[in-house]
Amino acid sequence: MSRLGGDRNAPHDPEWDSLWHTLEARPEPKRERTVQTPATRSSRPGASAGGASPGPALADAAPMANGLALVIRTDGAARGNPGPASLGAVLVDAALPNARRPDAPPLASISEYLGVQTNNVAEYTAVVRALALAEELGATAVDMLLDSKLIVEQVNGRWKVKDAKLIPLHADVRARLGRFGRWSATHVPRSQNKQADALCNQAIDRAQADGAKAVVVRPR
């Protein structure tokens, strides 16, 4: 979750100076996928999303046979709450050896300006956009690593959705997850979500400079 008012004055972080060129890097060549049979771990015991049960987290399982598995990181931000808002998402091929590293090169990414919205609406919209792109790319499994504990707990069914603005977005996310063979949603620290956060900043800065509302990078 990002609150962007002070980003421009944030301390210099040399560890991440070389990260952002990966956002439009060509994806690594596809590796031959092998089928493994690890023990199934559900992200919500006994639950289902649109008729499909959440499967094991992709950290514990190989990609599904003849299918693309993705690690997804998303972020939403608002300068003010509500205020000018944006979303960012990175989708990483889970077959990469370091797919779960925060700096893993994405297969695809999204940077989109949303106009005036609340931070939570921006966060949820980021997940919707990322899942739509994952489906477009033919993914059969997704492992979402999100810094929004609200979304992780609500998607897994542990927290109720009380905000009327979030109810349709939550329903959309659950419906989309139901179209994948397996999925998981895990909370991660904000410090591990810098790629998606940077895409949020880029979207707002781009909009303020009369640039494109949305930039989507797909595999070449």
Side-chain angles (χ1 to χ4, degrees), residues 1-13 15-17 19-24 70-92 101-134 142-155 159 161-170 172-173 176 185-217:
M1 179 181 298
S2 298
R3 309 266 182 195
L4 298 176
D7 284 352
R8 294 171 184 265
N9 299 319
H12 179 63
D13 189 355
E15 181 182 353
W16 291 85
D17 281 350
L19 173 61
W20 312 124
H21 75 278
T22 66
L23 293 177
E24 296 193 20
L70 294 173
V71 175
I72 295 175
R73 297 179 187 269
T74 70
D75 199 14
R79 291 180 180 170
N81 196 27
S86 62
L87 66 85
V90 292
L91 290 73
V92 178
R101 283 179 52 95
D103 59 349
L107 180 70
S109 65
I110 309 170
S111 174
E112 181 177 348
Y113 179 66
L114 299 174
V116 176
Q117 297 289 352
T118 67
N119 192 82
N120 285 338
V121 167
E123 292 270 13
Y124 255 109
T125 305
V127 177
V128 170
R129 296 284 197 275
L131 293 176
L133 182 55
V142 292
D143 185 16
M144 300 187 298
L145 305 179
L146 312 176
D147 68 18
S148 171
K149 187 173 180 63
L150 176 74
I151 293 180
V152 169
E153 295 301 316
Q154 289 180 342
V155 166
W159 290 2
V161 186
K162 298 180 180 179
D163 187 336
K165 296 186 297 298
L166 302 184
I167 291 174
L169 291 166
H170 173 264
D172 195 356
V173 169
R176 291 180 185 279
T186 304
H187 181 249
V188 297
R190 182 180 171 186
S191 61
Q192 295 184 15
N193 208 21
K194 292 189 177 183
Q195 290 201 64
D197 179 72
L199 290 166
C200 288
N201 278 290
Q202 291 172 16
I204 294 179
D205 292 342
R206 194 172 57 243
Q208 292 178 343
D210 296 324
K213 177 182 176 182
V215 173
V216 181
V217 178

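Positions are given from 1, in the same order as the sequence printed here.
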Which pair of non-hydrogen atoms, one from [X] and one from [Y], has the smallest distance, and what is that distance?
| X | Y | answer |
| --- | --- | --- |
| Ala77 | Ala122 | N-CB, 3.7 Å |
| Ala130 | Ala89 | CB-CB, 3.9 Å |
| Val116 | Pro82 | CG1-CB, 4.1 Å |
| Arg206 | Ala212 | NE-O, 2.7 Å |
| Tyr113 | Pro84 | OH-CB, 3.8 Å |
| Gly88 | Cys200 | N-SG, 3.3 Å |

**Item:** Test side-chain contact (heavy atoms from CB on, under 4.5 Å) applied to Thr186 and Met144, step by step
**Value:** CA-CA 6 Å; Thr186 304; Met144 300 187 298; over 6 Å; no
**Request:** Starting from the C-alpha separation in whole Å, work towards a yes-or-no answer on side-chain contact (heavy atoms from CB on, under 4.5 Å) for Ile72 and Leu131.
**Result:** CA-CA 8 Å; Ile72 295 175; Leu131 293 176; 4.2 Å; yes
**Item:** side-chain contact (heavy atoms from CB on, under 4.5 Å), paired with Val71, selected from Val142, Val90, Leu145, Leu107
**Value:**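 Of all the options given, the one that passes is Leu145.
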**Complete:** Sorted by chain and number, sequence neighbours left out, salt bridge (charged side-chain N to carboxylate O under 4.0 Å, His left out) with Arg129 holds for Glu112
**Prompt:** Taking C-beta and beyond as the side chain, do Leu150 and Leu166 meet within less than 4.5 Å on heavy atoms?
**Reply:**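 Heavy-atom side-chain distance check passes, below 4.5 Å.
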**Asked** Between Ser109 and Leu199, is any pair of side-chain heavy atoms under 4.5 Å apart?
**Response**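 Answer yes - side chains close enough.
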Measure the [atom1]-[atom2] distance between [X] and [Y] for me, rounded to the nearest 0.5 Å.
| X | Y | atom1 | atom2 | value |
| --- | --- | --- | --- | --- |
| Thr74 | Leu87 | OG1 | CG | 8.5 Å |
| Asp147 | Asn193 | CG | CG | 4.5 Å |
| Leu146 | His187 | CG | NE2 | 8.5 Å |
| His170 | Lys162 | NE2 | NZ | 13.5 Å |
| Ile204 | Arg79 | CD1 | CZ | 4.5 Å |
| Ser86 | Asn119 | OG | CG | 9.0 Å |

**Message:** Go through it in stages, so that I can follow the logic: the residues are Tyr124 and Lys165, the test is side-chain contact (heavy atoms from CB on, under 4.5 Å), and I'd like the CA-CA distance, side-chain angles, deciding distance and then a yes or no.
**Reply:** CA-CA 10 Å; Tyr124 255 109; Lys165 296 186 297 298; over 6 Å; no
**Asked** side-chain contact (heavy atoms from CB on, under 4.5 Å) between Gln192 and Arg73: does it pass, once the steps are laid out?
**Response** CA-CA 9 Å; Gln192 295 184 15; Arg73 297 179 187 269; 4.0 Å; yes
**Prompt:** Does Pro102 offer a backbone N or O that forms a donor-acceptor pair with the side chain of Gln195 under 3.5 Å?
**Reply:**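 Side chain of Gln195 to backbone of Pro102: a pair is present.
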